[in-house]
Amino acid sequence: MTASPVKTRFAPSPTGELHLGNVRTALFNALLARRHGGVFLLRIEDTDAGRSREPYVEALQSELQWLGLQWQEGPGADAGHGPYRQSGRGPLYARHFQALEAAGLSYPCFCSPETLAAARAAQRRAGRPPRYPGTCAGLSQAEVRARIEAGERPTLRFRVPGGRQIRFEDLVRGPQHVGSDTIGDFIIRRADGTPAFFFSNALDDALMGVTHVLRGEDHLTNTPRQLLLLEALGLPAPRYGHIAMIVAADGSPLSKRGGSRSVRELRERGFLPGALINHLARLGHAYAHEGYQSLDELAQGFDPGHLGRSPARHDETQLLHWQREALARAGDADLWEWMASAGAGAYLPAGKSLDFVRTVRDNVRLPEEARAWAANLFAETGRLDPRARAVIAEAGAEFYRAALRALETQGRDDFRAYTRSLQKATGTKGRGLFMPLRAALTGEVDPAADAGETGLWQHGPELAWVWQLLGPEPVRRRLELALQECESN
RNA sequence: GUCCCCAUCGUCUAGCGGUCCAGGACAUCGGCCUUUCACGCCGAAGACGGGGGUUCGAGUCCCCCUGGGGACGCCA
């Protein structure tokens with residue numbers, strides 16, 4: 001058998017939407033697997049029945065696929081280690097719980113959540129780290145049996161061996177060591193019989209043959225426990241790498257911030273998968289190549305050793321840059337679909353969609369901006385921005401009379417020829433020629449200045465394209481409106 | 001509260017004792033190009049959090065402070 005040298009995994013719990021932090025973890029794992037021609041596995045950790053939601057299971061899968069992070073093993077791709085949802089692995093867990101209990105490596109604990117909370121509070125008050133006091137560690141068989149018969153439902157705790165030094169080599173942080181005495185006996189099975197994270201997560205990694213686990217720094221202190229657990233179970237442990245978390249632009253935890261951080265939200269706003277991937281891949285990871293890269297290229301350049309150890313801030317300005325790069329690589333037809341998602345289609349005359357895309361594609365970053373241009377070009381004839389108004393007034397009625405005359409005499413199809421003749425007629429050129437035209441045709445002269453809160457507007461689209469797209473009649477109308485504007489002053 | 005981790009331009013980062021009066025990218029600003037804008041090209045401004053050490057020499061090593069993050073759950 002030629003087992004893949006590398007198997008990574010992403011193991012989300014479907015208790016909420018995928019956010020930037022989750023997805024970055026998934027991305028790094030996918031990249032690592034791809035880098036080594038290995039397998040990227042997806043496992044759904046839905047052991048918390050109370051908080052897991054089926055729609056999230058669906059959503060996370062489709063979002064992963066949308067991002068191009070297809071798993072080679074997992075739901076819908078059984079490679080013999082399934083089921084890939086923890087809710088379906090009960091029998092597997094039971095067997096290993098039994099092994100642990102039989103070996104005396106775990107024990108039933110009858111302490112109530114309230115007692116436990118009180119104990120923690122007391123320890124904290126006393127300036128000590130909260131740790132399980134070991135109340136039930138020494139219960140006799142008889143007592144355990146009696147309490148269970150009396151109707152009590154115990155949890156199962158892992159008996160942490162004392163006096164041990166746990167060492168492991170973290171893929172991104174280097175050598176780590178922790179004394180086992182700083183770890184309290186922890187729960188591996190809840191009172192309702194379901195497995196707790198420490199247990200099911202570590203066990204499944206071992207059972208599924210996962211070789212490398214890249215996960216959030218928040219799991220760093222879990223690792224020694226899982227290592228101990230795996231050792232007790234006699235199972236191989238994967239190599240762990242703990243990556244720094246992503247924080248909001250102001251440095252605060254992402255989880256405590258509003259704004260778009262869920263993948264769904266970002267997707268709905270129109271961000272492209274490639275933009276997200278390129279942005280995320282560089283958050284906490286240095287790439288030799290600065291430019292936009294495909295998933296494959298990113299994988300080739302990926303190295304856990306290049307992963308940063310300090311929290312990286314998610315700054316949407318950077319994401320917007322990658323969005324522009326991703327947009328530049330998209331085809332017109334795809335972009336039309338993308339623009340239409342924000343309703344740009346509602347304003348467009350039939351058959352104009354691709355011309356519209358070509359006209360504005362370099363001037364938009366989000367579909368909403370495309371919609372705004374569609375409205376501007378096809379639905380808002382006569383709407384003039386104050387600055388456009390000023391430019392029109394300054395150009396003067398004579399300019400627009402000449403512009404209308406030139407429209408009669410010159411070919412309407414040739415924008416260059418048109419502007420050349422207009423230049424001759426008015427004696428204007430460059431800015432003086434184009435700005436009044438732009439003002440009349442789009443009602444905007446410096447859209448960028450209008451960006452404001454939304455940051456939506458970009459610079460104006462190529463005037464020649466606008467001219468062509470609008471067609472002769474609308475162009476005439478807009479020029480006439482500009483003329484009226486001058487005359488009414 | 002206790003323990004752990006981290007700390008270079010506004011942001012993402014390079015830097016693994018001298019080759020760093022700290023390099024790149026994004027953003028910003030200026031110029032060139034273009035019969036407008038954008039793109040592109042050129043350029044500017046912009047950082048080693050503070051204090052002690054170690055060393056001939058520290059962004060790079062050690063300590064303290066400060067700041068940030070994380071863990072301490074019958075969440076994952």
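Worth knowing before you read on, the calculation uses all heavy atoms, side chains too, and leaves out hydrogens, waters and symmetry mates. Below, read A as the first sequence line, B as the second, and so on, with proteins coming before strands; counting in each chain starts at 1.
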Sugar-phosphate only, base, or nothing, as touched by A/Thr15 at under 4.0 Å among non-hydrogen atoms: nothing

Distance-only donor-acceptor test, A/Arg282 side-chain atoms vs B/U13 base atoms, 3.5 Å: no

Partners passing side chain to side chain donor-acceptor pair (under 3.5 Å) against A/Ser180 (at least two apart in sequence or in another chain): none

Same-atom distance (C1') from B/C21 to B/G59, integer angstrom: 13 Å

Distance in angstrom units between A/Asp362 CG and B/U36 P, rounded: 16 Å

Sugar-phosphate only, base, or nothing, as touched by A/Glu217 at under 4.0 Å among non-hydrogen atoms: base

Rounded distance (Å) that lies between atom P of B/C72 and atom CZ of A/Phe198: 6 Å

Options B/U36, B/U11, B/U35, nucleotide nearest the side-chain atoms of A/Asp315: B/U11

Sugar-phosphate, base or nothing in reach of A/Leu463, heavy atoms under 4.0 Å: base

Between B/C39 (P) and A/Arg361 (CZ): distance, integer Å: 15 Å

Non-neighbouring partners of A/Glu394 that pass side chain to side chain donor-acceptor pair (under 3.5 Å), sequence neighbours left out: none

Of the listed nucleotides B/U36, B/A76, B/U35, the one nearest the side chain of A/Gln423: B/U35

Stepwise salt bridge (Lys or Arg N to Asp or Glu O under 4.0 Å) check, A/Asp205 with A/Arg43: CA-CA 9 Å; A/Asp205 282 341; A/Arg43 180 175 70 234; 2.9 Å; yes

RNA chain B contacts made by residues 153-174 of chain A, counting heavy atoms under 4.0 Å: A/Thr155, A/Arg173

Length of the CG-C1' vector between A/Asp250 and B/C12, whole Å: 16 Å

Exercise: do A/Asn201 and A/Glu45 side chains pair donor with acceptor under 3.5 Å: yes

Salt-bridge criterion met for A/Glu369 and A/Arg361 (N-O under 4.0 Å): no

Given B/C37, B/C75, B/G70, the nucleotide with the shortest approach to the side chain of A/Met245: B/G70

A/Arg329, CZ atom: more than 12 neighbouring heavy atoms under 6.0 Å: yes

Pairs flagged by ring-ring contact (aromatic ring centres under 6.0 Å, His included) wherever residues 172-195 of chain A is involved - sequence neighbours left out: A/Phe158-A/Phe186, A/Phe186-A/Phe198

B/A14 and B/A25, which share atom name C1', separated by this distance in whole Å: 11 Å

Between P of B/C6 and NE2 of A/His242, the distance in whole Å: 14 Å

Set of residues satisfying side chain to side chain donor-acceptor pair (under 3.5 Å) with respect to A/Thr221, sequence neighbours excluded: none

Atom-pair distance (CH2 on A/Trp465; P on B/U35), nearest Å: 17 Å

For A/Tyr287, ring pair (Phe, Tyr, Trp, His ring centres under 6.0 Å) partners two or more places apart: A/His285

Atom pairs under 3.5 Å: protein N/O with N/O of nucleotides 1-3 of chain B:
none

Ring geometry between A/Phe168 and A/Tyr240 (parallel below 30°, tilted from 30 to 60°, perpendicular above 60°): perpendicular

Check: A/His314 ring centroid to A/His279 ring centroid under 6.0 Å: yes

B/A71 and B/C62, which share atom name C1', separated by this distance in whole Å: 26 Å

Inter-nucleotide P distance (B/U28, B/G10), Å rounded: 16 Å

Check: A/Gly274 main-chain N/O paired with A/Asn278 side-chain donor or acceptor under 3.5 Å: yes

Nucleotide nearest A/Asn222 (side chain, heavy atoms from C-beta), chosen from B/C37, B/C75, B/A76: B/A76

Stretch residues 304-312 of chain A: residues that reach within less than 4.0 Å of RNA chain B through a heavy atom: A/Arg309, A/Ser310, A/Ala312

Neighbours of RNA chain B within residues 177-194 of chain A, by heavy-atom distance under 4.0 Å: A/Ile187, A/Arg190, A/Ala191

Backbone N/O of A/Val213 and side chain of A/Asn29: donor-acceptor pair under 3.5 Å: no

Sugar-phosphate only, base, or nothing, as touched by A/Gln176 at under 4.0 Å among non-hydrogen atoms: nothing

Exercise: do A/Thr442 and A/Arg438 side chains pair donor with acceptor under 3.5 Å: no

Euclidean distance, atom CD of residue A/Gln226 to atom C1' of B/A71 [Å, nearest integer]: 13 Å

Ring centroid separation A/Trp467 to A/Tyr418 under 6.0 Å: yes

A/His219: side-chain contact (heavy atoms from CB on, under 4.5 Å) partners, not counting sequence neighbours: A/Phe197, A/Arg215, A/Asn222, A/His242

Aromatic ring proximity, centroids under 6.0 angstrom, A/Trp71 and A/Phe40: no

Touch class at under 4.0 angstrom, heavy-atom based, for A/Gly284 against every strand present: sugar-phosphate

Atom pair distance, as rounded to whole Å: CG in A/Leu116 and C1' in B/C75: 15 Å

Pairs involving residues 167-184 of chain A, ordered by first then second residue, that meet salt bridge (charged side-chain N to carboxylate O under 4.0 Å, His left out) (sequence neighbours left out): A/Arg173-A/Glu217

Give each protein N/O atom lying under 3.5 Å from an N/O atom of nucleotides 23-33 of chain B, with the pair distance.
residue : atom : partner  : partner atom : Å
B/G24   : O2'  : A/Glu290 : OE2          : 3.0
B/A25   : O4'  : A/Glu290 : OE1          : 3.2
B/C26   : O3'  : A/His321 : ND1          : 3.4
B/C26   : O2   : A/Gln318 : NE2          : 3.4

